[in-house]
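Structure record follows, encoded as structure tokens.
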Amino acid sequence: MAPQSDFCRPEMVIRVVLAAELLAAVAVAFVAESATDALMRFATATGGVMPAILLWLIAACALRRRLGRWRPVPQYLAAAVAGVLAGLYGCAVLQGTGAITQAPWLAGAWAGGLFGAAAMGVMNLRTAAQMPAAATARLTELQQRIRPHFLFNTLNSAIALVRDDPAQAEAMLEDLAELFRQALAEPGESASLAEEIDLAQRYLAIEQVRFGPRLRIAWQLDEAAAGARLPPLLLQPLVENAVRHGVEPSPEGGELRIRTERRGSRVVIEVVNTLPPLRWAESPLPRGHGIALDNVRSRLRLLHDLQASLSAGLDRDCWRVRIDIPADPTDKPKRTQP
């Protein structure tokens, strides 16, 4: 089982360092005679723990690709050996700086080995937890993609166009086929923002035929953001929700705005839709359960961890969904707006 995450990410470094410091604090508490003594001992222990942990993280980061090709037992052994060496290095630092007169070599090696193996175990458990979560997310998206009324409406629209505009009917069916091809394809780890935009455009081309002038779409796309990575089939459910809850219930239709922008090392994606008026409804319009948003948030967390964020809520008379993810550093900051 190869770890899908790695120890090179800043959030993983922070977690490992905090875990090591917490264990050091607990160990010190067993031998400290007072709060002051505990603080002094913890400061001394930190002087050895921090260099050891950083050395272990450097080794784990450098070997992440090779570790990913190994079976679990060699993974744990490699992590433990690196932990032993890191623990001995931490002891050497303490004794070399004069912080302690006699370094606990055996205890340092033992603690380092256990911590290294435990850290690798946590990473593997994290990877195992991602697998069913990704599969569940994939199933949810597939179910959304083949909603019967969307399929029937699309086919009925295509049938109506066959005589009057066969070229448009053909294009509509091609877009539908591409949506199904993407939904049924083998899931990849990520897709580019450009690919997600293309899929959303195909979906909206189908809905444009159905709603006509009732659906008004505005694109504001930053070419420099095109290479950012997203979980596959993530943007289209957001666009679909905007159409279902913002445009479809409104007699006058509505406006949908999709914007991407690169801001330094970050990429911002926004999906904004106008809200239907309530004055003509006898009762408040039904509201969604937030399942699609929860699904998107979970998948972003699996791919980017703490580096991604999603927010959604009312913005004046619109509903705005905003995604913030890392940019592709190889993309040039060239902006175009179609």
Side-chain angles (χ1 to χ4, degrees), residues 1-30 42 44-95 103-138 187-190 229 231-232 297-308 325-326:
M1 178 174 55
Q4 299 299 317
S5 304
D6 61 65
F7 294 100
C8 300
R9 290 184 173 183
E11 58 270 22
M12 296 305 300
V13 172
I14 293 173
R15 288 168 180 162
V16 172
V17 169
L18 289 178
E21 289 290 270
L22 178 61
L23 291 176
V26 171
V28 164
F30 279 100
F42 178 70
T44 301
T46 298
V49 169
M50 288 300 296
I53 288 299
L54 292 178
L55 178 64
W56 187 89
L57 284 169
I58 291 172
C61 183
L63 296 174
R64 67 187 186 281
R65 297 186 183 278
R66 182 170 298 180
L67 287 173
R69 296 192 294 266
W70 291 354
R71 293 183 177 274
V73 172
Q75 285 180 4
Y76 287 114
L77 287 176
V81 170
V84 169
L85 296 177
L88 294 175
Y89 174 73
C91 291
V93 170
L94 287 176
Q95 185 166 317
W105 300 103
L106 181 59
W110 179 249
L114 285 178
F115 185 87
M120 182 58 65
V122 170
M123 181 62 72
N124 282 340
L125 287 175
R126 176 182 172 84
T127 301
Q130 288 178 358
M131 294 177 181
T136 301
R138 186 73 181 182
E189 182 180 354
S190 65
R229 308 304 296 181
R297 187 176 287 108
S298 299
R299 299 188 68 208
L300 282 172
R301 189 180 299 116
L302 288 175
L303 181 62
H304 292 298
D305 207 346
L306 299 180
Q307 298 183 66
I325 57 175

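Of all heavy-atom pairs spanning L88 and A109, the tightest one is CD2-CB, 3.8 Å. Scanning both residues, Y89 and P51, for their nearest heavy atoms gives CE2-CB, 3.6 Å. Listed here is the closest heavy atom pair of L55 and L85: CD2-O, 4.5 Å. Minimum interatomic distance between L303 and R229 (heavy atoms only, all atoms of both residues): CD2-O, 3.9 Å. Residues A52 and A86 come closest through the heavy atom pair CB-O, 3.1 Å. Heavy-atom minimum distance, A119 versus W56: CB-CH2, 3.7 Å.
You'll find the side chain of E21 reaches within 4.5 Å of the side chain of T46, heavy atoms only. A 4.5 Å side-chain heavy-atom check between F115 and I53 finds at least one atom pair inside the cut-off. Within the 4.5 Å cutoff, the side chain of P104 has heavy atoms near those of the C91 side chain. In this structure the side chain of W110 never reaches within 4.5 angstrom of the side chain of V84, judged on heavy atoms. Side-chain contact between H304 and S190 is absent, with no heavy-atom pair separated by less than 4.5 Å.
Around CG of L18, the count of heavy atoms belonging to other residues, nucleotides or ligands within 6.0 Å exceeds 12.
Partner of V17 under the side-chain contact (heavy atoms from CB on, under 4.5 Å) criterion, chosen from L22, V49, L57: L57.
Distance check, rounded to the nearest 0.5 Å: CD of Q307 to CG of L300 gives 12.0 Å.
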